[in-house]
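Below is one structure; the comments refer to it alone.
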Amino acid sequence: MSTPTSPEIRRVQPARRLTGVIRLPGDKSISHRYAMLGAIAEGTSEIQGFASSADCQSTLNCLEALGVPIERDKDWVLIRGQGLRGLRQPSADLDAGNSGSTMRMLAGILAGQRFESCLVGDASLSRRPMRRVIDPLTRMGARIEFSEGGLPPLRIAGADLHPIHHRPSVASAQVKTAVLFAGLLAEGETKVDEPVPTRNHTEIALERMGVAITRANGTISIQGPARLQPLQAQVPGDLSSAAFFVAAALLTPESELVIQNAGLNPTRAAALTILTRMGADIQQEEVRALNGEPVGDLRVRHSQLDGGEIPVELVPNLIDELPVLAVLGTQTDRGLWFHGAQELRVKESDRLRTVAENLRRLGAKVEEFPDGLRVEGRQKLRGAKVESYGDHRIAMAFAVAGLISEGGVEIQGSECVGVSFPEFFDILGQVTEPS
Ligand code: S3P
């Protein structure tokens with residue numbers, strides 16, 4: 001169904017239906033956190049189901065460069081924690097690759113070390129805003145040099161940190177995590193306000209590792225310095241990766257797909273909520289907890305969707321799913337629109353622009369706002385060449401578009417799916433019947 005015509009170009013042909021039972025690789029967000037926290041825990045952490053994503057490998061590489069012994073065999077990872085202050089000064093720059101999570105969250109740990117280190121990234125990451133972590137970590141006592149405009153590389157001279165009460169200007173789980181990680185090393189109580197709750201994997205992991213962390217009236221507090229017990233944990237399947245298959249099954253007639261072991265943390269599951277409200281037939285089965293994280297199986301059947309507005313308060317909890325939701329919106333009765341998503345402009349690509357441009361190439365009507373998009377409903381998508389813009393979620397969103405297009409979609413630069421989901425095209429091929 002999708003054959004590579006060169007290492008970087010994939011054709012995705014129209015599909016008759018999607019069926020089968022799939023299991024997705026481990027959650028990227030959770031894997032980053034388990035790895036970083038395991039590195040500063042006192043003892044050895046063993047993680048099953050670790051994400052296969054290149055981004056999480058970037059995190060492991062940085063931790064190894066900081067003197068953390070790590071063993072890895074497929075999705076099994078063993079991390080010999082060095083304690084809060086046991087990391088070693090790296091002999092070279094720490095390369096976060098394409099991963100904003102690696103750079104921003106690791107900065108929180110590096111801010112409290114007694115050595116200097118430098119975080120660098122690829123061309124896309126080097127254009128992404130870092131002031132959001134530079135400012136609070138500087139207030140805590142770290143000295144951070146950066147490029148003009150608050151861009152990477154970040155040269156961090158660690159220091160003895162003092163606690164702050166941080167009121168972030170953007171709703172960001174990465175920023176919250178960076179400040180809480182620094183708070184582990186600071187003497188006293190560090191607080192982060194969160195008017196809109198963002199993904200809470202950090203808080204859940206810290207609790208499991210024996211750290212006292214509280215949330216009251218939208219403020220999260222942590223007492224430092226903290227000692228972390230090692231983790232024995234299994235990572236749930238990545239719900240943001242599952243979203244592409246959920247969308248594909250909803251859009252393709254006669255489809256019925258079961259996605260096993262998907263993370264269902266409510267701070268990540270807003271896409272399921274909104275789709276269900278729009279009429280999607282998505283059943284959650286066998287719901288249980290894995291190390292404090294809700295997981296379950298998703299049974300998704302083809303559905304005609306009403307569409308409508310994505311409420312602004314849900315946007316932070318489905319920020320990574322918006323590209324594929326925009327594609328899906330073209331098939332709804334009323335179309336789909338959203339505001340309050342200006343963060344999409346500073347992701348791996350400017351996702352408002354790249355989604356709009358690719359949709360137009362497929363002949364779709366789409367309106368771009370400074371902070372959102374509106375796509376018309378009941379649109380036919382014609383076959384066309386689209387660009388990934390080096391952005392994994394754009395490549396996968398437009399693979400879904402290919403399944404429902406009239407002539408198939410050719411995705412240029414499709415190899416970037418490896419950033420979060422290297423198995424994407426293989427699994428898609430396994431569950432898709434061509435039309
Ligand atoms: C992430 C948080 C989100 C998300 C990113 C991963 C995390 O970013 O887009 O893919 O793991 O905390 P922000 O918190 O910056 O919005």
Side-chain angles (χ1 to χ4, degrees), residues 26-42 45 47 51 56 59 79 81 84 100-102 104-109 111-112 132-133 136-137 140 161 163-168 170-186 188-236 238-240 263-270 288-295 313-314 316-320:
D27 186 87
K28 179 160 89 73
S29 287
I30 297 176
S31 297
H32 281 302
R33 288 161 170 81
Y34 285 178
M36 291 184 203
L37 290 171
I40 54 169
E42 300 189 4
S45 292
I47 303 163
C56 292
T59 286
I79 300 176
L84 269 191
S101 302
T102 306
R104 294 190 179 126
M105 303 198 298
L106 199 53
I109 293 175
R132 53 186 65 192
V133 291
L137 297 176
M140 294 179 85
L161 301 180
I164 58 167
H165 185 161
H166 186 49
R167 298 175 177 86
V170 282
S172 164
Q174 295 177 349
V175 173
K176 167 177 68 176
T177 299
V179 176
L180 292 175
F181 281 3
L184 292 170
L185 289 130
E189 193 177 29
T190 294
K191 296 184 181 186
V192 185
D193 281 0
E194 218 187 18
V196 189
T198 63
R199 60 190 74 189
N200 64 354
H201 307 305
T202 300
E203 296 91 306
I204 293 175
L206 284 171
E207 229 167 41
R208 306 292 294 187
M209 298 175 88
V211 175
I213 177 161
T214 57
R215 179 181 187 106
N217 306 319
T219 301
I220 302 153
S221 311
I222 195 170
Q223 189 71 36
R227 293 166 80 94
L228 277 69
Q229 294 154 18
L231 264 179
Q232 310 299 316
Q234 178 151 14
V235 181
D238 196 315
L239 186 57
S240 299
L264 295 175
N265 184 317
T267 62
R268 289 284 292 285
R288 57 205 182 270
L290 262 189
N291 310 105
E293 290 281 352
V295 295
E313 67 276 9
L314 290 187
N317 293 150
L318 47 64
I319 194 82
D320 293 337

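Quick caveat: nothing in here was measured; it's all calculated off a predicted structure.
- With hydrogens and angles disregarded, no donor-acceptor distance shorter than 3.5 Å links the side chain of N200 to the backbone of P266.
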*side chain to side chain contact (heavy atoms under 4.5 Å, CB included) between N265 and H201, worked out*: CA-CA 8 Å; N265 184 317; H201 307 305; 3.6 Å; yes
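- Residues L228 and V211 form a side-chain contact, since some pair of their non-hydrogen atoms from C-beta on lies under 4.5 Å apart.
- Not one N or O on the side chain of R208 forms a donor-acceptor pair closer than 3.5 Å with the backbone of I204.
- Using a 4.5 Å cut-off on side-chain heavy atoms (C-beta onward), R227 and L84 make no contact.
- Shown here is R215, whose CZ atom has more than 12 heavy atoms of other residues, nucleotides or ligands within 6.0 Å.
- R268 pairs with exactly one of D27, T198, N317, D320 by the side chain to side chain donor-acceptor pair (under 3.5 Å) rule, that one being D27.
- Note: I222 CD1 to L206 CG = 5.0 Å, rounded to the nearest 0.5 Å.
- The distance from the CD1 atom of I213 to the CD atom of E207 is 7.0 Å, given to the nearest 0.5 Å.
- Of the possible polar contacts, one joining the N291 side chain to the Q234 backbone as a donor-acceptor pair under 3.5 Å is found.
- Atoms CD1 and CG, on I40 and L185 in that order, are 6.0 Å from each other to the nearest 0.5 Å.
- Here CG of L180 is found 11.5 Å from CE of M105. Values are rounded to the nearest 0.5 Å.
- Contact check for F181 versus T202: side-chain heavy atoms found under the 4.5 Å cut-off.
- Counting heavy atoms from C-beta outward, L231 and L37 have side chains that stay 4.5 Å or more apart.
- Counting heavy atoms from C-beta outward, T219 and D193 have side chains that approach closer than 4.5 Å.
- If you take CZ on R132 and OG on S172, they are separated by 5.5 Å, rounding to the nearest 0.5 Å.
- Using modelled atom types, one side-chain atom of K176 and one backbone atom of R199 make a donor-acceptor pair closer than 3.5 Å.
- A distance of 11.5 Å separates CZ of R104 from OG1 of T177, quoted to the nearest 0.5 Å.
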